[in-house]
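Below you'll find the structure, written out as structure tokens, and then a few comments.
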Amino acid sequence: MIQLSERLMAMEESATIAMSRKSRELKAEGKDVISLSLGEPDFFTPQFIKDAALEAMNNNFTMYTPVQGYDDLREAIALKFKRDNGLTYTKDQIVVSTGAKQSIANVVLSIIGPGDDVIIPAPYWVSYLEIVKVAEGNSIVINAGIEDDFKITGKALEAAITPKTKMIIFSSPCNPTGSVYSKAELREIADVLVKHPDIVVISDEIYEHINFEGKHESLAQFPDVYDQVVTVNGMSKAWAMTGWRLGYIGASKQIADACTKVQGQFTSGPCSITQKASIAALKADPAILSDMISAFKNRRQLVLDALNQMPGVKTNIPDGAFYVFPDVSEFYGKSYGDWHIKNGDDLCMYLLSEALVALVQGEAFGSPECIRISYAASEETLTEAMKRVGLALSNVPIVSLDKEEKRLGGAANVAVNLLALGASPVICSVVGDDDSGRLMRNLLINASISSEGLIHSTSRITTVKTRVIGNNQHLLRIDAEVTNAITTEEENALIQCVENLLRSGVDGIIFEDYNKGLLTERCISEIIRLAQIHNVKTTVDPKKDHFLSYKGVTLFKPNLKELQEGLGFQFSFSSDFEQFEHAVNLLESQLTNEISLVTLSEHGVYIQSQGKGYHIPAHIRNISDVSGAGDTVISVATLCLVSDFPIKLIAEISNIAGGLVCEESGVVAINKSQLLNECQELLADTIV
């Protein structure tokens, strides 16, 4: 058996190429796979470049080329460096290679030997480490997280440098993150390099023109580090010439000569036709790339908008390239069916199998908590891919039963909102005198919500269920479900508890009938009667079981299903909401409500009272999960009501509040400052 070299055995397969291969295999089986794994623009090479190639062939430029590249190409590259980057390189300082990957390999092999250290900020391009490994160097990785936009500081770089450090490799715009270093950030790095003049820096700028935030900045622009910097670029990304294979460097003549020597023993000069075609591209005005860059920017927003609606996914805004690098570590350690997702590789394989979308695990780029998504695809393709990914991820519960991070749900969400808005909520309920009932009490206490209204029953069973909702909010929702109604004694105790609170001077009561068997018709009627005696305004967020039991309340918020089932009235929404208006009239004919309020998720909020109706179109944007919107609306509306706000103002403020929570994608407490800011104009004439 042939024994392969240790060098080869130590080398990893490129993760991007591996995932692309797997997706091609599935496509060959007839699967509708969408591959977002390769860094390849989906645009075709511009025609004027192809015309230059045809002209070169017709003029018989088909022979071997000089090792370092044609003179006229290197002169065109020198002009490009001056025009676009303000860098001065002569043609003798430029070496043209078969792709920027070979350019980087030439530099590393020219400088790095056994035992030399190369500092590489992570996330990094997949091939950096493997090229250093071939040169028998040591890769010293500096990690930069999503909270830092994946960019290192001068301080972090300084701390990593040792007497063994001979090289630094980084990219800007970065593959895989799209992060772009500003001039000030590069100056900070240059200030460190000045202290270490023997260190060479490879500045990989292959994505130079795909920059959404302004002028590209090159590290070599600073004269005090110019001789230390090797500027790497190429034709593949901006000019959609991936298959043409041409990269180049600008460096000191010493390094350029060394790279020419290395290249002469491996590939010699690159393809003659590619070189002549590249001259045409390099001489063109980069402004002609604006349409492509604009398309990439739109696609970036499309992908970010979709990812930001997926609970458990964390993103930043990449300023360049065509990648998004989200943190998906919330899914690690979770299971779905036969899938056990331990890391990013497992997650990518899950998405490839279940969603038929090929992505690349972040571990290949030095950031195992992330995955890379290339948006170098049509908007139609990206929309479908994100839809599939979102659906597949929604099946993976990001909260496990054994997690200690537990949060309140149901009626307690209303209390959490009231607390956030400055009120002092008390939850009145009958819960089981069991572990789950005690858990509910402890969670209320931990949330600074009074538990004085909780009555523990030895005959009642409290059950706990998990439910995953929200973006970066791990929620263990508590639903107190019972198989038997409360006893007469317990019902009387609950009524007495509410009466005691009314006598103590509460401002409002909210009915949250989420516990079957808790709020009987007698219990509801008695509490409303007591509220009227004490002149306390009463609002209701009911369940359909006792839909018609709430009489004499001030504010009423059934959801759509309850409205249909409770009234036996089926309807669909029209633009003028006439059918909905009719349904509310039916409701008011059976209930002696002063006000009826209904949340409509994406439709908005409708309030009708005493013959006047108000429909406030939805404030909600980019809806993926409206869980908690109703809880927020009933909380805010109740406080507005007890503050004697006009009915229309209550509707408008409640609608804005529900929208703000939905924009957070899940059950989160309303932010009082944000709400006041959004409602500033509405509240201009109102004292809050």
Residue pair [X] / [Y]: nearest heavy atoms and the distance that separates them:
{"X": "Ser236", "Y": "Pro41", "result": "O-CG, 4.1 Å"}
{"X": "Lys101", "Y": "Ile131", "result": "O-CD1, 4.1 Å"}
{"X": "Asn138", "Y": "Gly115", "result": "ND2-O, 3.3 Å"}
{"X": "Tyr124", "Y": "Pro121", "result": "CB-O, 3.3 Å"}
{"X": "Pro173", "Y": "Ile210", "result": "CG-O, 4.0 Å"}
{"X": "Arg300", "Y": "Asp319", "result": "NH1-CA, 4.0 Å"}

Going by an N to O cut-off under 4.0 Å, is there a salt bridge joining Asp191 and Arg187?
-> yes
Indicate yes or no: does Asp32 engage Arg388 in a salt bridge with an N to O separation below 4.0 Å.
-> yes
Can a side-chain donor-acceptor contact be found between [Y] and [X] if the only test is distance below 3.5 angstrom?
{"X": "Trp244", "Y": "Thr45", "answer": "yes"}
{"X": "Lys82", "Y": "Thr88", "answer": "yes"}
{"X": "Glu217", "Y": "Ser182", "answer": "no"}
{"X": "Thr315", "Y": "Asn308", "answer": "yes"}
{"X": "Glu40", "Y": "Thr242", "answer": "yes"}
{"X": "Gln275", "Y": "Thr65", "answer": "yes"}
{"X": "Asp305", "Y": "Gln309", "answer": "no"}
{"X": "Ser97", "Y": "Asn106", "answer": "yes"}
{"X": "Glu205", "Y": "Ser171", "answer": "no"}
{"X": "Asp327", "Y": "Ser329", "answer": "yes"}

Pair listing, ring pair (Phe, Tyr, Trp, His ring centres under 6.0 Å) test, anchored in residues 272-300, at least two apart = Phe43-Phe296, Phe296-Phe322
From the list Ile189, Val229, Leu186, side-chain contact (heavy atoms from CB on, under 4.5 Å) with Ser203 holds only for Val229
Do you know which of Val200, Leu157, Ile202 makes side-chain contact (heavy atoms from CB on, under 4.5 Å) with Ile168?
-> Leu157
Using side-chain heavy atoms (C-beta onward) and a distance below 4.5 Å, is [X] in contact with [Y]?
{"X": "Ile371", "Y": "Phe325", "value": "no"}
{"X": "Tyr181", "Y": "Lys151", "value": "yes"}
{"X": "Ile104", "Y": "Tyr128", "value": "yes"}
{"X": "Asp198", "Y": "Lys166", "value": "no"}
{"X": "Leu36", "Y": "Met386", "value": "yes"}
{"X": "Asp84", "Y": "Glu208", "value": "yes"}
{"X": "Lys387", "Y": "Thr383", "value": "no"}
{"X": "Tyr207", "Y": "Asn175", "value": "yes"}

For the backbone of [Y] and the side chain of [X], can you confirm whether one donor and one acceptor N or O come within less than 3.5 Å of each other?
{"X": "Glu379", "Y": "Asn298", "result": "no"}
{"X": "Ser172", "Y": "Cys174", "result": "no"}
{"X": "Thr260", "Y": "Ala256", "result": "yes"}
{"X": "Ser272", "Y": "Phe61", "result": "yes"}

May I ask you to check whether [X] and [Y] place their ring centers less than 6.0 Å from one another?
{"X": "Tyr226", "Y": "Tyr89", "answer": "yes"}
{"X": "Trp339", "Y": "Tyr336", "answer": "no"}
{"X": "Tyr350", "Y": "Phe331", "answer": "no"}

Do other residues, nucleotides or ligands put more than 12 heavy atoms under 6.0 Å from [X] [atom1]?
{"X": "Gln47", "atom1": "CD", "value": "yes"}
{"X": "Glu29", "atom1": "CD", "value": "yes"}
{"X": "Glu363", "atom1": "CD", "value": "no"}
{"X": "Ile288", "atom1": "CD1", "value": "yes"}
{"X": "Glu55", "atom1": "CD", "value": "no"}
{"X": "Phe266", "atom1": "CZ", "value": "no"}
{"X": "Gln254", "atom1": "CD", "value": "no"}

Walk me through it: do Asp148 and Thr153 pass the test side chain to side chain contact (heavy atoms under 4.5 Å, CB included)?
-> CA-CA 9 Å; Asp148 299 313; Thr153 62; over 6 Å; no
Between Ile249 and Ile94, does a side chain to side chain contact (heavy atoms under 4.5 Å, CB included) hold up when you go through it step by step?
-> CA-CA 6 Å; Ile249 65 167; Ile94 293 168; over 6 Å; no
Does NZ or CZ of Lys276 come closer than 6.0 Å to the centre of the six-membered ring of Tyr70, within 45° of the ring's axis?
-> yes
For Val118 and Ile112, what are the C-alpha separation, side-chain angles and deciding distance, and is it a side chain to side chain contact (heavy atoms under 4.5 Å, CB included)?
-> CA-CA 8 Å; Val118 179; Ile112 300 303; 3.6 Å; yes
Only counting residues at least two apart or in another chain, list the ones meeting side chain to side chain donor-acceptor pair (under 3.5 Å) with Thr62.
-> none
How would you list, by chain and number, every residue that makes a side chain to side chain donor-acceptor pair (under 3.5 Å) with Ser374, sequence neighbours excluded?
-> none
Does the salt bridge (Lys or Arg N to Asp or Glu O under 4.0 Å) test come out yes or no for Glu158 and Lys155, once each step is laid out?
-> CA-CA 5 Å; Glu158 182 73 73; Lys155 183 178 180 181; over 6 Å; no
Would Lys261 and Asp257 satisfy salt bridge (Lys or Arg N to Asp or Glu O under 4.0 Å), going step by step from the backbone distance to the final call?
-> CA-CA 6 Å; Lys261 184 177 181 179; Asp257 288 345; over 6 Å; no
